[in-house]
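Pasting a structure below so you can have a look.
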Amino acid sequence: MTRLLERALAGLGQDAESRPGGPGALNHETQRLFAYHHATKHTYYSVRARAHFLDWRNQPSPFRVYRGARTIKLERNPSFPAVGTFEAMARLGEGGEGGRGSKGGKGAREGTQSAVRLDSVWLSRLLWYSMAISAWKQVPQSGIRYSLRVNPSSGNLHPTETHLALCGFDGLDDGLYHYRADTHALERRGRGDWVGELARALELDAAARLARPRLIVALTSIFWREAWKYRDRAYRYCCHDLGHAQMSILLAALALGHYGGVMAHFSDLRLARTLGLAQSDEAPMSFLVFSENSGDKAPPRAELESSTPNELSEEEVPYYLLLGMHRSTVLVRIKESEETSLGGFESFTSSSPPTSAPPTAPDSPLGAVVRRRRSALDFDPQAEPMPRATFEQMLDFATRDWPADWRGNFVLGKREAGEIKEVEGSTKKTWQGHDFIELYLYVHRVRGLEPGVYRWSARDRQLEQLHTGNVQRVAAYLSLEQPLAGHASFAISMIADLEAAARLFGNRGYRYVHFEAGAIGQRLYLGAEALGWNATGIGAFYDDDVHRYLGLLEETGAESTESVYAAEQAAMVTLETQATTISGASPEVTISESHEEQARSTQTGAPGVTGAMPVERPSSGDASRDGRRLPRQVIYHFAVGRAVRDPRLGAAEE
């Protein structure tokens, strides 16, 4: 087992105590956040000057196994409640109100979900419809076969691991378990009161309004899995993946009758030790806590059992920018940042008030949608235009509120009182959080909308038109010259308020903005699929070209249309006229920067793109001009359209 992560965090506790400013000073040195983000940006020239050839013999295994652990097989292909996709999204934004087995939102928060039986079947349903393998692909000619999962991942590399603390599940010992996605099974890592152990480490108060949980899901990241391909930029993708996984599990659990929320503001060192991961390549990143009264009987004391995690590669290559960024986000103690972070909840302004879905809104069952969801490898540019109502329904539900501690609407224990905001609605109180992400849209083919650039206001649930014109080639260029962003019905730049996140949470806020982007992306995936469309997340883009295009790098208050016009003249590319990117007889296939795979075009020049390349613009020394500490920056791209059929996709795994 390699120990790069352990060495990166070594001495952090002592270091934090001795640094000027006391414990947590490293997290508050927010120049580290901006320096890392800037150093890992893509430019047209950097992606060509920094060629990276993958060492396939050293590719990390996509599956973690704890050798020596007792294995409990779960039921495959279990049934799932007939809850609609948008119905679940709406309930999540309303505090779980109306969920199965609950007595409304208040009941869900107070642990009155006793109507739901928790056992191995319930757990199988939760994991099968949130984190399991969903299908297999086979690469032509080579015959290589590999799996896809319910939750998406950059490059299909899946750095996220799932651990579960159970208490009072029928037929299962109280304890700590690891989920094996390859066999749909649990590996028991420890017995006893692991829910209580994690609750204490997370500083949950047993007398809190949320009763003592029966289930806590711990999500960890194995950075090396992603860094093998994406090197230092991989930290961004690991955090995106966490956001997708969080939303995937929350929605599945809610459909199964349990409302929960995310806790991501915790002592990293304490939780790593508690989970037995202090000397591991896994970093605890978030905990999903589900409310339920676990009874008065105290389980036996928590103890780890003997098991050994498998080696993922022969050698782990160190990427010091990535490890340094993670180190700077680590909290030694939760209390160290309350004054500037958790205590700042009262200053949050919600931009996503939850509203109930119209009775006539189209919907599809969540269970079927999550199992058939795929990352589109390309879109059909000749597909019929998307109806505007469909377009706006996706945006509406993707940007609704959802429960997480850093959002100010899922805080337990001592930090609960006076820090959760409620607003009076027409008939009830609803919980609201804060959004760091704003969506800019490149609209290509939406019926009832002129092509151009728009901004979505999550607060007002309305579109603002910024520019009129065909922006297909620009969207493709900005998305690392990937034609799918131009072939789609629309593409998105997710712009994060890094300055606000850093001000409230220090470097830790860098995780939270990516979690939020991933949560939006997961709902876009599911919303598109539920309405008969397809989507793909795009983690790679020309960062500062996006900023110039959207007018975020202007020194003066120039209109955004001026930046758009300049970018269109300097960054035009020519798209292929047909969606043949992956439908050729024998394409050369590589793992894409943005999604699961991409076939390389046989044309000269950039993959899948021909035509004029951008003119390089020299950077000035002004930080606001060259993007080194730009307050608002792009962190995720997305595209939605009608997917081209992938001939490598096999039957779903049963």
Side-chain angles (χ1 to χ4, degrees), residues 16 19 21-38 202-203 235-236 239-240 242-243 246 261-268 285-287 325-353 399 401-423 431-439 458-459 494-520 552 629-636:
R19 295 179 69 84
L26 188 65
N27 179 61
H28 297 309
E29 294 173 1
T30 56
Q31 72 274 14
R32 296 172 181 269
L33 181 161
F34 291 95
Y36 168 81
H37 195 72
H38 190 73
L202 290 167
E203 298 187 17
Y235 196 73
R236 300 188 186 199
C239 292
H240 281 154
L242 258 296
Q246 290 165 5
V262 178
M263 297 198 70
H265 206 82
F266 55 83
S267 167
D268 298 74
M285 296 291 277
S286 68
F287 293 81
M325 183 63 217
H326 180 65
R327 178 185 173 92
S328 74
T329 66
V330 165
L331 300 179
V332 180
R333 296 194 297 270
I334 297 178
K335 290 181 179 296
E336 70 191 25
S337 57
E338 284 184 348
E339 182 178 349
T340 57
S341 56
L342 290 175
F345 279 156
E346 67 267 16
S347 66
F348 276 17
T349 302
S350 174
S351 58
S352 54
T399 55
D401 198 15
W402 59 287
D405 57 358
W406 76 87
R407 294 176 61 77
N409 55 11
F410 191 79
V411 186
L412 307 179
K414 298 176 182 178
R415 294 182 303 282
E416 181 180 23
E419 293 178 353
I420 297 178
K421 298 187 67 119
E422 292 185 341
V423 296
W431 298 71
Q432 295 187 338
H434 176 73
D435 295 323
F436 289 119
I437 304 298
E438 190 169 32
L439 304 187
R459 178 187 296 276
M494 297 192 193
I495 305 298
D497 193 338
L498 295 181
E499 184 176 62
R503 182 178 67 254
L504 289 166
F505 298 107
N507 295 318
R508 186 67 157 221
Y510 196 69
R511 298 188 194 181
Y512 301 159
V513 296
H514 285 84
F515 291 173
E516 186 179 321
I520 292 172
L552 303 178
R629 197 171 173 108
L630 195 64
R632 299 170 63 237
Q633 303 199 39
V634 60
I635 62 166
Y636 203 9

Exercise for the section: Could you tell me the separation between the CG atom of Leu26 and the CZ atom of Arg32, rounded to the nearest 0.5 Å? Expected result: 4.5 Å
Handout entry: Side-chain heavy-atom pair Glu203, Met263 within 4.5 angstrom cut-off
Key = no
Problem - Min side-chain heavy-atom separation Val634-Met494 under 4.5 Å - result: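 No - every pair of side-chain heavy atoms lies 4.5 Å or more apart.
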Problem - Cationic N near anionic O, under 4.0 Å, Arg511 to Asp268 - result: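 Yes.
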Handout entry: Parallel, tilted or perpendicular, as decided by the 30° and 60° cut-offs, for the rings of Tyr235 and Tyr36
Key = perpendicular
Problem - N/O donor-acceptor pair under 3.5 Å between Asn507 side chain and Thr329 backbone - result: no
Handout entry: Closest approach of Leu552 to Leu630 (non-hydrogen atoms, all atoms of both residues)
Key = O-CD1, 3.2 Å
Problem - Heavy-atom pair of closest approach, residues Ala264 and Arg508 - result: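 Of all heavy-atom pairs spanning Ala264 and Arg508, the closest is O-NH2, 2.8 Å.
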Exercise for the section: With rounding to the nearest 0.5 Å, note down the distance linking OG in Ser286 to CH2 in Trp406. Expected result: 7.0 Å
Exercise for the section: If the plane angle is over 60° it's perpendicular, under 30° parallel, otherwise tilted; pick one for His37 and Tyr510. Expected result: perpendicular
Practice task
Please report the shortest heavy-atom distance between His28 and Gly506, naming the atom on each side.
Solution key: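 Heavy-atom minimum between the residues: ND1-CA, 4.3 Å.
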Fill in the blank from the handout: Looking only at heavy atoms, the pair that brings Arg236 and His514 closest together is O-CD2, 3.6 Å
Handout entry: Whether Gln246 side chain and Val262 backbone form a donor-acceptor pair below 3.5 Å
Key = no
Practice task
Enter the distance from Leu504:CG to Phe436:CZ here, rounded to the nearest 0.5 Å.
Solution key: 5.0 Å
Practice task
Could you tell me whether a side-chain N or O of Asn409 sits under 3.5 Å from a main-chain N or O of Trp402, the two making a donor and an acceptor?
Solution key: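 Yes, the answer is positive, given that a donor and an acceptor are paired below the 3.5 Å cut-off.
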Fill in the blank from the handout: Rounded to the nearest 0.5 angstrom, the CZ-CG distance for Phe266 and Asp405 is 9.0 Å
Practice task
Quick one: pull up CD in Glu499 and CG in Leu33 and give me the separation to the nearest 0.5 Å.
Solution key: 11.0 Å
Practice task
Would you indicate whether the side-chain heavy atoms of Arg629 and His38 approach each other to under 4.5 Å?
Solution key: no
Problem - Distance-minimising heavy-atom pair for Phe34 and Ala502 - result: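 Answer, listing the atom of Phe34 first, then Ala502: CE1-CB, 4.3 Å.
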Problem - Minimal non-hydrogen separation, Asn27 against Val330, with atom names - result: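 Scanning both residues, the minimum pair turns out to be CB-O, 4.3 Å.
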Exercise for the section: If the plane angle is over 60° it's perpendicular, under 30° parallel, otherwise tilted; pick one for Phe515 and Tyr512. Expected result: tilted
Problem - Inter-residue atom distance Thr399.OG1 - Glu516.CD, 0.5 Å rounding - result: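 Interatomic distance, Thr399 OG1 to Glu516 CD, rounded to 0.5 Å: 10.0 Å.
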